[in-house]
Amino acid sequence: MKANRIYNFNPGPAALPLPVLEEIQESFLNFGGSGMSVIEISHRSREFDDIINDAVARTRRLLKLNDDWQVLFIQGGASTQFCMIPINLLGDGDTADYVDTGTWSTKAIKEARILNKVIRVPASSEDRNYCYIPRAVEFNHEAVYTHITSNNTIKGTQWAEFPDTGGVPLVADMSSDIMSRPMDMDKFGLVYAGAQKNIGPAGVCLVIIRKDMLDRVPGHIPAMLKYTTFAAKNSLYNTPPGFAIYTVQLVLKWIEETIGGLEKMDVVNRRKAALLYDFFDGSDFYRGTADADSRSVMNVTFRLPDENLEVMFVKQALESGLGGLKGHRSVGGCRASIYNPTPIEAVEALIDFMKTFEKQTG
Ligand SMILES: Cc1ncc(COP(=O)(O)O)c(C=O)c1O
């Protein structure tokens, strides 16, 4: 661990790769010899064109996207996508399926309903406080899309495999597992992700949309809520969040060039998660909360024998240089978010701390 830095297990905004932070620091005052900071350059400059084009190119390479796809950067976080998706894709007489796997899916459903769109919820894991991913779902084959949340940041569950919808395109909120593993994009019509967990800072949402979905976008909606506005202008219709996009570009470069791509990223991520889950499985003191077949590789949720111990655990962990371990206020308990940038050493340090804590208090 570098001086003054803790191991950061925050759920988002979250840890960023140290080499990325160092590169930002190094070039902060004079970006690429321009004599300006990257946050001072014009979004109409050649320098910024290079940044955004490289971020798009890296996204395309990492996810093996062909020309059928458009890569967009949009402000408003993933939450704005909850309304943009139905506004852009669901016309009169259209319907969509939404699987409810917890807080963020529930919000996406609520937003579509506020807009009076016709949507159906073919499956939900609410009956057991969202501790699992529903299986054997009967999807509507007439739906325009099926919405899922690929990783449930708060509940600590994840779709290990994507469901078979009978050819209906999946629309997926991948805010907390984008670029964490390779994926077959053939099943998808649109993927979106707030950057602030796996690929950058808050302030920008990566939206990857299949071009034929753009044909569904109605003409009479406000420019800033319309995918075609962003698609027509390479996400430069108005002033983009340049610093956030620049950081995303650097994180994607780190995934490609330092880690070696998504297959390798996946191996590292699985190793980190396995260390924690194996540890819980052998413990009578720590207990994972998600069903074994639905466990998230990104957000590991767990409980201790009682709430007082959990408060002590989070406090003492921070004093030992391990931050961000408190569970979401809606579920309590503890959570270790171990996104792409979290090094394996952080997980090892956490397990060492857990063993010591159990010895002292258990
Ligand atoms: C899966 C998921 N979707 C959506 C959001 C909301 O993202 P934003 O804050 O960018 O709107 C989050 C935030 O934690 C999330 O984890």
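Remember, predicted model here, so these are calculated numbers, not experimental data. Order of listing sets the numbers, starting from 1, for every ligand and every atom in it.
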Task: Option among Lys155, Arg135, Arg128 that satisfies the salt bridge (charged side-chain N to carboxylate O under 4.0 Å, His left out) test with Asp291 - done: Arg128
TODO: Tell me, please, which residues at least two apart from Ala14 pass side-chain contact (heavy atoms from CB on, under 4.5 Å).
DONE: Tyr339
TODO: In sequence, state the C-alpha distance, the side-chain angles, and the governing distance for Leu65 and Gln70, and then conclude on side chain to side chain contact (heavy atoms under 4.5 Å, CB included).
DONE: CA-CA 9 Å; Leu65 302 175; Gln70 187 101 32; over 6 Å; no
TODO: Give the atoms of ligand 1, by number and element, whose distance to some non-hydrogen atom of Asn151 is under 4.0 Å.
DONE: 1 (C)
Donor-acceptor contacts under 3.5 Å from residues 347-362 side chains, at least two apart:
from: Thr356; atom 1: OG1; to: Asp352; atom 2: O; distance (Å): 2.9
from: Thr361; atom 1: OG1; to: Phe357; atom 2: O; distance (Å): 2.7

TODO: Give the numbers and elements of all ligand 1 atoms closer than 4.0 Å to a heavy atom of Gly77.
DONE: 10 (O), 11 (O)
TODO: Number the atoms of ligand 1 from 1 as they appear, then name those within less than 4.0 Å of a heavy atom of Gln196, with their elements.
DONE: 7 (O), 8 (P), 9 (O), 10 (O)
Open item on the list: Salt bridge or not between Glu257 and Arg61? Use side-chain N to carboxylate O under 4.0 Å.
Closed with: no
- [ ] Check Ser79 against ligand 1 and report side chain, backbone, both or neither, counting heavy atoms closer than 4.0 Å.
- [x] both
Task: Which of the ligand 1 atoms, numbered from 1, are nearer than 4.0 Å to a heavy atom of Thr153 - done: 1 (C), 2 (C), 15 (C), 16 (O)
Open item on the list: Would you say the rings of Phe279 and Tyr286 are close, in the sense that their centroids are separated by under 6.0 Å?
Closed with: yes
TODO: Output the list of atoms in ligand 1 that are nearer than 4.0 Å to some heavy atom of Lys197, sorted by atom number.
DONE: 12 (C), 13 (C), 14 (O), 15 (C), 16 (O)
Task: Identity and distance of the protein heavy atom lying nearest atom 3 (N) of ligand 1 - done: Asp173 OD2, 2.6 Å
TODO: May I ask you to check whether Phe162 and Phe188 place their ring centers less than 6.0 Å from one another?
DONE: yes
Task: Which residue and heavy atom of the protein sit nearest atom 12 (C) of ligand 1, plus the separation - done: Trp104 CE2, 3.4 Å
- [ ] Answer side chain, backbone, both or neither: which part of Thr80 comes under 4.0 Å from ligand 1, heavy atoms only.
- [x] neither
TODO: May I ask you to check whether Ala78 has an N/O atom sitting below 3.5 Å from an N/O atom of ligand 1?
DONE: yes
